[in-house]
*Asks:* 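Attaching a single structure in C-alpha cells format; questions to follow.
Quick caveat, the model's predicted, so the values are computed rather than measured. Along the sequence shown, residues carry numbers from 1.
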Amino acid sequence: MAETPQEVLKMIQDNNIKIIDLKFIDMPGIWQHCSFYYDQIEESSFVDGVAFDGSSIRGWKAINESDMSMVPDPKTAWIDPFYAEPTLSMICSIKEPRTGEWYSRDPRSIAKKALDFLNNTGIGDVAFFGPEAEFFVFDDVRFDQAENKSYYYVDSVEGRWNSGREEAGGNLGYKPRYKEGYFPVAPTDTLQDMRTEMLLTMADCNVPIEKHHHEVATGGQNELGIRFAPIIEAADNLMIYKYVIKNVAKKYGKSVTFMPKPLFNDNGSGMHTHMSIWKSGQPLFWGDGYANLSKMALNAIGGILKHAPALLAITNPTTNSYKRLVPGFEAPVNLAYSQGNRSASVRIPLSGSNPKAKRFEFRCPDATSNPYLSFAAMLCAAVDGIKNEIDPGEPLDVDIYDLSPEELSKIPSTPGSLEEALEALEKDHSFLTDTGVFTEDFIQNWIEYKLDNEVNPMRLRPHPYEFSLYYDC
C-alpha cells in the first residue's frame with residue numbers, strides 16, 4: 001500500500017503501469033471515472049488535481065462554471081483487477097481549480113469536513129464506521145418504462161418461486177424458503193464460490209475483510225463483511241466493496257443490486273452501520289450505563305434518534321428505501337434503541353468486556369445511500385446529541401409484537417416515504433449546516449434533486465399493481 005505521492009509514482013514504475021484510472025463519486029452515490037496515460041499524473045497532481053468538465057455530473061455544476069479538478073488520494077492506490085491492461089486506480093476528492101478550495105457539493109470532501117468538525121469540537125479525533133451492506137444476486141434482470149407500459153422482472157435459480165419450474169438437467173428443488181435463507185449450506189447455497197472470490201478480490205484491493213454468508217431472503221440475498229475503519233477510509237472501502245461485488249458477479253454471468261426492496265413479500269437489503277468515536281487512541285463509548293455504554297454514547301444515540309427523520313433523507317435516499325422500512329421483515333422501523341431488539345433503529349451489539357469494541361449500530365441505512373454523505377450526517381447528528389446532552393429515553397427491550405396498539409403508538413417510527421423524509425430534512429438540518437460540514441446550498445440542492453428526479457416522476461406514473469386494483473372499476 002502507498003502512503004505518499006512518491007510511493008504511488010514508484011508503484012507505477014515498478015509495475016510498468018501505463019494507465020491510471022481516477023475514480024470519484026457523484027452526488028447520488030455512483031462512482032465515475034476517467035483513465036489517463038501514466039505520464040499525465042505527476043507529483044503536483046496530488047495537490048492541484050487533474051482538470052475535468054463537471055457540468056455533466058449529476059447534481060453538480062452548470063455548464064458556465066464547469067471546470068473542476070479531481071485530486072487523487074495516494075493512500076487509495078490499488079491495481080484494478082477487472083481490466084485487461086494493468087491499471088492503477090485511485091479515489092479522488094474534488095477541488096475548485098480557480099480557488100483551490102474543496103468543492104462544497106463533493107461528497108468525499110464533505111466527509112473530510114465532518115472529521116475536521118469532530119476534531120474542532122474537542123470531543124474526539126477519530127470516528128469509526130463499519131457498514132454491513134446486503135445485496136441480491138440475480139440471474140436475469142429486465143425492466144422497462146414507457147407511456148403505455150411499466151414492468152420489471154428479476155429471477156434467480158435460488159428463488160423459491162421457481163420450485164415448480166422445469167430446469168435444464170431437472171429441478172433439484174434446493175431453493176431457500178421465504179425468510180429462511182440465513183446461513184444455509186450447499187447445495188441450497190449456490191453462491192459460496194462466487195462470494196469467496198468477491199471477498200478475496202476485495203482483499204487484493206486493500207479492503208480489510210472478515211467473512212461472507214447467505215442472507216435471509218430467498219432469491220440470492222447475500223452479505224460480505226468488511227472491518228470498520230475511519231470515516232473516509234470506511235466510505236472508500238464501501239465503494240470498492242460495491243464495485244468488486246458487481247464486477248465479480250458479472251464475470252459469473254450474474255447481476256447484483258443493492259436496491260433495498262427488489263422482491264415483494266420477503267426481507268429487503270439494508271446497510272446496518274456501526275459507529276464509535278475515539279480520542280487519543282482511546283474509545284469513548286465504553287462506560288457504566290445501559291449495555292456498558294458511556295453517557296457520551298447514550299447522548300450520541302439521542303442525537304441520532306432525534307434527527308432520524310431528517311437523517312433518513314440522506315441515509316435512505318430512494319423511494320424504494322421505504323418499501324424496506326415496514327413492519328414484519330426485520331426492518332428497523334422503531335425510532336428507539338436496544339441491546340437486542342432488531343426492530344429498534346439503534347442496536348448495541350455484544351462487545352464482551354472489550355472497551356475497544358463498544359459501539360452502536362444504526363440499522364436504518366441502506367446501500368443506495370452515498371456513504372460519504374451518510375457517515376458525515378450520522379457523525380453530525382451524534383455530535384449534536386453529545387454537545388446538547390440529548391437523552392435517548394428508555395431502551396426498547398420488549399417484543400414489539402406483544403405490545404398493545406396503545407403502547408405501540410407511543411413509539412415513534414421512521415418516515416413512511418422519501419417525500420416525508422425530505423420534508424423532515426427541510427425542517428431539521430441545522431445540525432448539518434451549523435457545523436459547516438454541509439452547506440445550505442447542498443441541502444437545498446439535495447432536496448430539489450430528489451423531488452425533481454425521483455419523488456415527482458414516481459408520482460406521475462401509474463403503478464402495475466394499480467391495474468390489478470382498479471382496471472375493471
*Asks:* Cation-pi check for Y153 against R142: NZ or CZ below 6.0 Å from the six-membered ring centre and within 45 degrees of the axis, yes or no?
*Replies:*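 Yes, R142 lies over the aromatic ring of Y153.
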*Asks:* Take atom NZ in K18; do more than 12 heavy atoms of anything else shown fall under 6.0 Å from it?
*Replies:*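 Result for NZ/K18: enclosed.
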*Asks:* Say whether, by atom type as modelled, one donor and one acceptor occur between the side chain of N15 and the main chain of I17 under 3.5 angstrom.
*Replies:*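 Not a single qualifying donor-acceptor pair exists.
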*Asks:* With rounding to the nearest 0.5 angstrom, report the CD to CG distance, Q221 to L263.
*Replies:*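 That separation rounds to 8.5 Å.
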*Asks:* Does a sphere of radius 6.0 Å around CD in Q13 hold more than 12 heavy atoms from other residues, nucleotides or ligands, not counting ones at 6.0 Å or beyond?
*Replies:*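 Incorrect, the count does not exceed 12.
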*Asks:* Can you tell me how far the OG atom of S430 sits from the CZ atom of F438, to the nearest 0.5 Å?
*Replies:*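 Taking OG in S430 and CZ in F438, the distance rounds to 13.0 Å.
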*Asks:* Is H214 reaching over with its side chain to a backbone N or O of G181, donor-acceptor style, under 3.5 angstrom?
*Replies:*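 Pair found, side chain donor or acceptor close to backbone of G181.
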*Asks:* Is a side-chain donor or acceptor of K113 paired with a backbone partner of V437 at a separation under 3.5 angstrom?
*Replies:*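 Checking the backbone N and O of V437 against the side chain of K113, a donor-acceptor pair under 3.5 Å is found.
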*Asks:* Within 45 degrees of the ring normal and closer than 6.0 Å to the centroid, is that where the cationic atom of K306 sits relative to F431?
*Replies:*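 No, K306 does not lie over the aromatic ring of F431.
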*Asks:* Treating K450 as the side-chain partner and P317 as the backbone partner, does any N or O pair qualify as donor plus acceptor under 3.5 Å?
*Replies:*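 Such a contact is found between K450 side chain and P317 backbone.
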*Asks:* For A421, does its backbone N or O pair with a side-chain atom of Y322 as donor and acceptor, under 3.5 Å?
*Replies:*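 Absent.
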*Asks:* Are there over 12 heavy-atom neighbours, none belonging to Y151, within less than 6.0 Å of that residue's OH?
*Replies:*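 Check passes, neighbour count above 12.
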*Asks:* If you round to the nearest 0.5 Å, how far is CD1 of I443 from CG of D428?
*Replies:*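 D428 atom CG to I443 atom CD1 measures 10.0 Å (nearest 0.5 Å).
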*Asks:* For K75, is the NZ atom crowded, meaning more than 12 foreign heavy atoms sit under 6.0 Å from it?
*Replies:*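 Atom NZ in K75 is not packed in, count stays at 12 or less.
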*Asks:* Return yes when atom CE of M458 has more than 12 non-hydrogen atoms of other residues, nucleotides or ligands closer than 6.0 Å, and no otherwise.
*Replies:*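 Counting other residues, nucleotides and ligands, CE of M458 stays at 12 neighbours or fewer.
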*Asks:* Run the salt bridge (Lys or Arg N to Asp or Glu O under 4.0 Å) check on D434 and K387 step by step: do they pass?
*Replies:* CA-CA 13 Å; D434 287 355; K387 289 173 64 178; over 6 Å; no
*Asks:* What side-chain hydrogen bond (donor to acceptor under 3.5 Å, both in side chains) pairs are there with at least one residue in residues 198-211, not counting sequence neighbours?
*Replies:*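 Sorted pair list comes back empty.
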*Asks:* Could you check, using the six-membered ring where one of them is a Trp, whether F136 and F138 have ring centers closer than 6.0 angstrom?
*Replies:*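 Yes - the distance between ring centres of F136 and F138 falls below the 6.0 Å cut-off.
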*Asks:* Any pair with a residue in residues 124-135 that passes salt bridge (Lys or Arg N to Asp or Glu O under 4.0 Å), sequence neighbours left out, goes on the list, sorted by first then second residue, please.
*Replies:*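 Sorted result for residues 124-135: empty, none.
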*Asks:* Rounded to the nearest 0.5 Å, how far apart are OG of S343 and CZ of R363?
*Replies:*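 S343 atom OG to R363 atom CZ measures 8.5 Å (nearest 0.5 Å).
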*Asks:* Is the shortest side-chain heavy-atom distance between N370 and M27 below 4.5 Å?
*Replies:*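 N370 does not reach M27 side chain to side chain.
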*Asks:* Determine the interplanar angle of the F228 and F128 rings, folded into 0 to 90°, and report it as parallel if under 30°, tilted if 30 to 60°, perpendicular if over 60°.
*Replies:*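 Rings of F228 and F128: perpendicular, as their planes differ by over 60°.
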*Asks:* Can you find a heavy atom in the side chain of D155 that is under 4.5 Å from one in the side chain of D139?
*Replies:*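 No, their side chains stay 4.5 Å or more apart.
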*Asks:* Less than 4.0 angstrom from a charged side-chain N to a carboxylate O is my criterion; do D441 and R105 meet it?
*Replies:*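 So D441 pairs with R105 through a salt bridge.
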*Asks:* Looking at N320 and K261, would you say the former's side chain and the latter's main chain have a donor-acceptor pair under 3.5 Å?
*Replies:*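 Yes; judged by distance alone, with no hydrogens or angles, the pair exists.
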*Asks:* Once side-chain hydrogen bond (donor to acceptor under 3.5 Å, both in side chains) is applied, what residue pairs with a partner in residues 36-47 remain, sequence neighbours excluded?
*Replies:*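 Pairs touching residues 36-47 that pass the test: Q6-E43.
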*Asks:* Assign the ring pair W60 / Y103 to parallel, tilted or perpendicular, where the plane angle (0 to 90°) is split at 30° and 60°.
*Replies:*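 Rings of W60 and Y103: perpendicular, over 60°.
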*Asks:* Please work out whether the ring planes of Y83 and H33 are parallel, tilted or perpendicular, with thresholds of 30° and 60°.
*Replies:*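 Rings of Y83 and H33: parallel, under 30°.
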*Asks:* Between N316 and S321, do the side chains contain a donor N or O and an acceptor N or O under 3.5 Å apart?
*Replies:*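 No - no donor-acceptor pair under 3.5 Å links their side chains.
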*Asks:* Working to the nearest 0.5 angstrom, can you tell me the gap between H307 NE2 and I314 CD1?
*Replies:*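 Interatomic distance, H307 NE2 to I314 CD1, rounded to 0.5 Å: 12.0 Å.
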*Asks:* Report yes or no: does N299 contribute a side-chain atom to a donor-acceptor pair with the main-chain N or O of G385 at less than 3.5 Å?
*Replies:*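 Checked: no pair found.
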*Asks:* In terms of ring plane angle, is the pair H213 and F183 parallel, tilted or perpendicular, where the classes change at 30° and 60°?
*Replies:*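 Plane angle over 60°, so perpendicular.
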*Asks:* Any salt bridge between D73 and K112, counting N to O under 4.0 Å?
*Replies:*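 Salt bridge flag = no for K112 with D73.
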*Asks:* Does the side chain to side chain donor-acceptor pair (under 3.5 Å) test come out yes or no for E454 and T319, once each step is laid out?
*Replies:* CA-CA 7 Å; E454 298 174 41; T319 57; 5.6 Å; no
*Asks:* Do T76 side-chain atoms and I91 backbone N/O form a donor-acceptor pair below 3.5 Å?
*Replies:*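 Such a contact is found between T76 side chain and I91 backbone.
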*Asks:* Verify the neighbour count for atom OH of Y152: are there more than 12 heavy atoms of other residues, nucleotides or ligands below 6.0 Å?
*Replies:*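 Check fails, neighbour count at 12 or below.
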*Asks:* Side chains of E448 and Q444: donor-acceptor distance under 3.5 Å anywhere?
*Replies:*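 Judged by distance alone, the side chains do not pair up.
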*Asks:* Please determine whether a side-chain nitrogen of the Lys or Arg among R108 and D236 lies less than 4.0 Å from a carboxylate oxygen of the Asp or Glu.
*Replies:*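 Yes.
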*Asks:* Check the pair D193, Y252 against side chain to side chain donor-acceptor pair (under 3.5 Å), reporting the backbone distance first and the verdict last.
*Replies:* CA-CA 10 Å; D193 290 338; Y252 279 75; over 6 Å; no
*Asks:* I need the L22 CG to Q32 CD distance, nearest 0.5 Å.
*Replies:*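 L22 CG to Q32 CD: 13.0 Å, rounded to 0.5 Å.
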